[in-house]
Protein chains: 2
Amino acid sequence: MDRRAALTEGALAYVLEHGLIGLSLRPLAAALGTSDRMLIYHFANKETLIAEVVALANRRLAESIDEADPPVRTVGDLVRYAWRVVNDPVAHGAMRLYLQMCVLSVHESDGWRSAHEQSREPWLIMLRTGLAELAIPQPRVEPLADLILDTVDGLLLDSLVTSRPARVDAAAAAFADLLDHDSADRAATHL
Amino acid sequence: MDRRAALTEGALAYVLEHGLIGLSLRPLAAALGTSDRMLIYHFANKETLIAEVVALANRRLAESIDEADPPVRTVGDLVRYAWRVVNDPVAHGAMRLYLQMCVLSVHESDGWRSAHEQSREPWLIMLRTGLAELAIPQPRVEPLADLILDTVDGLLLDSLVTSRPARVDAAAAAFADLLDHDSADRAATHL
DNA sequence: CATTGGATGTAGCGACTGCTACGTTTTCGG
DNA sequence: CCGAAAACGTAGCAGTCGCTACATCCAATG
């Protein structure tokens, strides 16, 4: 058994619950049934420990996106699906972690930026392929994918902070409807 | 002269540059030409100092929104205007602060939540009145205002993190066009 | 001039941080 | 079965944190 991998696993669970921002080795080690000394022993330093944890979280995220293959008939469905996945209470821990990475990469853009981009990439791939399958013309795919991901991020941020889910759900639904309206309109004018 | 107000002013400038997250009294005091002792003397504790700074930032934000009265002819214009205001390099400090408040209120929702809501409110008011003036039917105003604010937040987050402004600008433009398309479509069907 | 009260500097408290030196235990291949 | 290597605990380093006790200075007031 790879002790390091097991520790990474446990550390991820701890980070998902307690956040990345004030993370301290000793409470983490206590929760993992070990000592700060051992964490340093296995990971050399705090930085690579966090990098390992974040990488694991990103791997999990990519897996959870890949394995789901929902029935997507319209662009709105794409948004509705992404919103459902992201807004799952079980996923909220991962989403909080994602937001923390965003903010950390904003105010000290050392290694955080790449971690953040690795978080975004599976989503962007999913959105781009989804849009392509829906026959969205090539030049519109990229900005639309960016817009959808950013909007879902914004909705998620709102949802996590204000904890008034119904209101945010309504906004998300409005976005999905907006996209469907638009697609239908464009299709009609090209008939 | 109110020493406390002057210190709050300086602290805001410092926080806009150095962020809220690792904020420590001693470097802050040094930058302000005083000592941590004096900060505690004037503000009683770190918590109320930060509260004061955040309140000042929110006041500034509300002022900057109020004083601008742009020509807004369509819903898309509303988005374009909000995006221009938010994406101003001068405002980026305030926006970083806003995002940090978001994240801080996500992972320790003590006093942060209300501060965060106070940041959102001037924007929401601006959007709601703008939408009402554009004759958007009442039941659609609320979700649309939420959607626009959340989307702009998401775009801003992307912009601040990835620092690839052209890409995000394209997404923002796509959003504005989407809204204009939708409005025109709805208007046409109701003629 | 004496006193008072606000403003400020110094030194330090206790708690915590990431990290390390060192000694002990456990494991395992030859 | 023994010795080397890996795993682990204890104690502690040097540093920072928010915060405070105490002494000092300075201006205004009586």
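Letters go in sequence order (proteins before strands), and every chain restarts at 1.
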(request) Answer yes or no: side-chain N or O of A/R37 and base N or O of C/dT20 forming a donor-acceptor pair under 3.5 Å. (result) no
(request) Could you state the atom-to-atom distance from CG of A/L23 to P of C/dT17 in whole Å? (result) 10 Å
(request) In whole angstrom, give the distance that lies between atom CG of B/L7 and atom P of C/dA7. (result) 11 Å
(request) Check every strand shown and say whether B/L28 touches a base, only sugar-phosphate, or nothing at a heavy-atom separation below 4.0 Å. (result) nothing
(request) Report the distance from atom CD1 of A/I40 to atom C1' of D/dG12, rounded to the nearest whole Å. (result) 15 Å
(message) What I want to find out is whether B/D146 reaches A/R164 closely enough, with some N-O distance under 4.0 Å, to be called a salt bridge.
(response) no
(request) To the nearest 0.5 Å, tell me how far A/W123 CH2 sits from A/I125 CD1. (result) 12.5 Å
(request) Just compare C/dC19, D/dA7, D/dG9 and give me whichever is closest to any side-chain atom of A/T34. (result) D/dG9
(message) Between B/R113 and A/S163, is there a side-chain heavy-atom distance shorter than 4.5 Å?
(response) yes
(request) Rounded to the nearest angstrom, tell me the gap between atom CG in B/L32 and atom P in C/dT8. (result) 12 Å
(message) In whole Å, I'd like the distance from the CG atom of B/N45 to the P atom of D/dT20.
(response) 8 Å
(request) Hey, which sits more toward the 5' end of DNA chain D by its nearest nucleotide, B/G22 or A/Y41? (result) A/Y41
(request) To the nearest Å, give me how far apart CE (A/M38) and P (D/dG9) are. (result) 6 Å
(request) Considering just the side-chain nitrogens and oxygens of B/R3, establish if one lies under 4.0 Å of OP1 or OP2 belonging to C/dG6. (result) no
(request) Please confirm whether any donor atom in the side chain of A/D36 sits under 3.5 Å from an acceptor in the base of C/dC19, or the reverse. (result) yes
(message) I want to check one thing: is the phosphate of D/dC8, taken as OP1 and OP2, less than 4.0 Å away from some side-chain N or O of A/H42?
(response) yes
(request) Answer yes or no: is there an ion pair linking B/D180 with B/R73, defined by an N-O contact shorter than 4.0 Å? (result) no
(request) Can you tell me the distance, in whole Å, between the CZ atom of B/R26 and the P atom of D/dC19? (result) 11 Å
(request) Answer yes or no: does a side-chain N or O of A/S35 lie under 4.0 Å from OP1 or OP2 of D/dG9? (result) yes
(request) Could you tell me the separation between the CZ atom of B/F43 and the P atom of C/dT8, rounded to a whole number of Å? (result) 12 Å
(message) Any salt bridge linking B/E121 with B/R128? Criterion: basic side-chain nitrogen under 4.0 Å from a carboxylate oxygen.
(response) no
(request) Considering just the side-chain nitrogens and oxygens of B/S24, establish if one lies under 4.0 Å of OP1 or OP2 belonging to D/dG18. (result) yes
